[in-house]
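The structure appears right after this line, and notes come after that.
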Amino acid sequence: MTPSTKTMSRIKPVIFIFLLLPSLIWLYQFFAGSLGVNPIDQLIDKSGEFALRLLVLTLLLSSLAQLKYMRSLQMIRGMVGLFVFYYLVLHLMTYVILDHYFNWEFILKDAIKRPFITLGFTSFFLLVPLALTSTNVMVKKLTYKVWKNIHELIYVAAPLAALHFYLLTKADKIEPMIYLIIIFILFAWRIFTKIFKH
């Protein structure tokens, strides 16, 4: 059984709440003082990891939506993509504001000293155009072809985000490796389908 447009319309608000809920829980825990010994680090880690998982999910939805009987997944793909950006903003703002109090000189030195931070910033800025052009109005203004070319940036941003996570993980690197492998497979599938169509 494949998801219909009607079914996706019904469950879209539920998915929205499900995707928003983690951030509300973390923010509550943060202000309640129950987010662990180092709440700022916890908030940075949790928001970043969840953003990466949603980024991988967005790629997966994009690939599945190419299939004839799964096209209705396009209805939630954009929403999931915007939640990626939402959690990335939460991740970045926690690092910039709560952790370093807008100390741009220190942040710049930190980025030079630790390449994984540079990768994280690069991935974020590559995803900004995707978030800004996510509406149907922007698709019409840009034309679908231009819009699609802009949104291909996700295939650069996603591996950079996964590498960011891989480099900052000091002990068990299995989880970031899994993300990298999934991204590589989806990227390879994208190339294969493009060649096959031609």
Side-chain angles (χ1 to χ4, degrees), residues 5 8-9 12-13 15-23 44 46-67 70-97 107 111 115-168 176 178-194 197:
T5 304
M8 295 309 295
S9 295
K12 195 173 179 180
I15 296 170
F16 179 91
I17 294 167
F18 178 77
L19 294 176
L20 180 64
L21 195 57
S23 65
I44 290 172
K46 286 179 181 293
S47 57
E49 286 176 31
F50 197 65
L52 180 55
R53 287 168 190 160
L54 291 182
L55 188 57
V56 173
L57 177 60
T58 305
L59 288 173
L60 181 60
L61 289 172
S62 295
S63 297
L64 290 174
Q66 299 299 314
L67 302 173
M70 303 291 279
R71 282 177 188 161
S72 59
L73 290 174
Q74 291 175 353
M75 294 182 66
I76 62 164
R77 181 189 60 189
M79 183 177 72
V80 176
L82 283 174
F83 267 107
V84 172
F85 194 72
Y86 166 71
Y87 280 100
L88 281 177
V89 169
L90 180 60
H91 178 66
L92 183 63
M93 290 301 99
T94 305
Y95 170 76
V96 171
I97 301 171
I107 291 167
F116 73 84
I117 295 176
T118 306
L119 290 174
F121 272 113
T122 305
S123 179
F124 173 79
F125 287 119
L126 285 172
L127 290 170
V128 169
L130 278 71
L132 294 176
T133 59
S134 61
T135 62
N136 290 331
V137 174
M138 287 304 296
V139 177
K140 288 177 182 177
K141 280 186 178 180
L142 293 168
T143 73
Y144 179 73
K145 188 178 179 181
V146 173
W147 177 87
K148 194 173 181 182
N149 287 337
I150 290 171
H151 282 249
E152 293 289 331
L153 287 171
I154 195 171
Y155 288 97
V156 181
L160 290 180
L163 278 172
H164 164 75
F165 184 39
Y166 178 86
L167 290 174
L168 70 84
I178 290 169
Y179 295 140
L180 281 166
I181 290 166
I182 293 171
I183 290 166
F184 174 77
I185 291 168
L186 292 172
F187 187 63
W189 173 252
R190 184 80 172 180
I191 293 170
F192 174 78
T193 51
K194 274 193 173 185
K197 279 182 180 178

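Position 1 is the first residue of the sequence, and the numbers go up from there.
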Quick check for you: to the nearest 0.5 Å, what is the distance between Arg71 atom CZ and Met8 atom CE? 15.0 Å

Could you walk me through whether Val56 and Leu60 satisfy the side chain to side chain contact (heavy atoms under 4.5 Å, CB included) test, starting with their C-alpha distance in whole Å, then the side-chain angles of each, then the deciding distance to 0.1 Å, before giving a yes or no? CA-CA 6 Å; Val56 173; Leu60 181 60; 5.6 Å; no

Non-hydrogen side-chain atoms of Tyr155 and Ile183 separated by less than 4.5 Å: no

Before giving the answer on side chain to side chain contact (heavy atoms under 4.5 Å, CB included), spell out for Ile154 and Leu55 the whole-Å C-alpha distance, their side-chain angles and the decisive distance to 0.1 Å. CA-CA 8 Å; Ile154 195 171; Leu55 188 57; 3.8 Å; yes

Pro159 side chain reached by Phe187 side chain, heavy atoms, under 4.5 Å: no

Shortest non-hydrogen contact between Leu90 and Thr94, atoms and distance: O-OG1, 2.6 Å

Calculate, to the nearest 0.5 Å, the distance between atoms CG and OG1 belonging to Leu163 and Thr118 respectively. 12.5 Å

State, with a plain yes or no, whether a side-chain heavy atom of Leu61 is found less than 4.5 Å away from one of Thr58. no

Heavy-atom closest pair (Met79 atom, Lys12 atom, distance to 0.1 Å) is CE-O, 3.6 Å

So that I know where these two stand, are Phe116 and Tyr166 an aromatic pair - ring centroids less than 6.0 Å apart? no

Should Phe124 and Leu127 count as side-chain neighbours, where that means a heavy-atom distance under 4.5 Å? no

Heavy-atom check, side chain of Ile76 versus side chain of Phe16, under 4.5 Å: no

Quick one: are His151 and Thr133 in side-chain contact, heavy atoms under 4.5 Å? yes

Any non-hydrogen side-chain atom of Lys46 less than 4.5 Å from a side-chain atom of Pro22? no

Parallel, tilted or perpendicular for Phe165 and Tyr179, by the 30°/60° rule? tilted

Separation between OG of Ser63 and CG of Leu73, rounded to the nearest 0.5 Å: 11.0 Å

List the steps and the verdict of side chain to side chain contact (heavy atoms under 4.5 Å, CB included) for Phe121 and Tyr95. CA-CA 11 Å; Phe121 272 113; Tyr95 170 76; 4.1 Å; yes

Can you give me the closest heavy-atom contact between Ala131 and Ser134, atom names plus distance? O-OG, 2.9 Å

Spatial distance of atom CG (Leu57) from atom CZ (Phe50) [nearest 0.5 Å]: 9.0 Å

Side chain Ser23, main chain Leu20, donor-acceptor under 3.5 Å: yes

Ile150 versus Pro129, closest heavy-atom pair with distance: CG2-CB, 3.9 Å

Heavy-atom neighbours of Trp189 CH2 exceed 12 at 6.0 Å: no

Between Leu52 and Ala162, which heavy-atom pair has the shortest distance, and what is it? CD1-N, 3.9 Å

Salt-bridge present (Lys148, Glu152; N to O < 4.0 Å): no

For the atom pair CG (Leu54) and CZ (Phe85), what is the distance rounded to the nearest 0.5 Å? 14.0 Å

Give the minimum heavy-atom separation between Ala161 and Ser123, together with the two atoms involved. CB-OG, 3.5 Å

Kindly compute the distance separating CG (Leu59) from CZ (Arg77), expressed to the nearest 0.5 Å. 10.5 Å

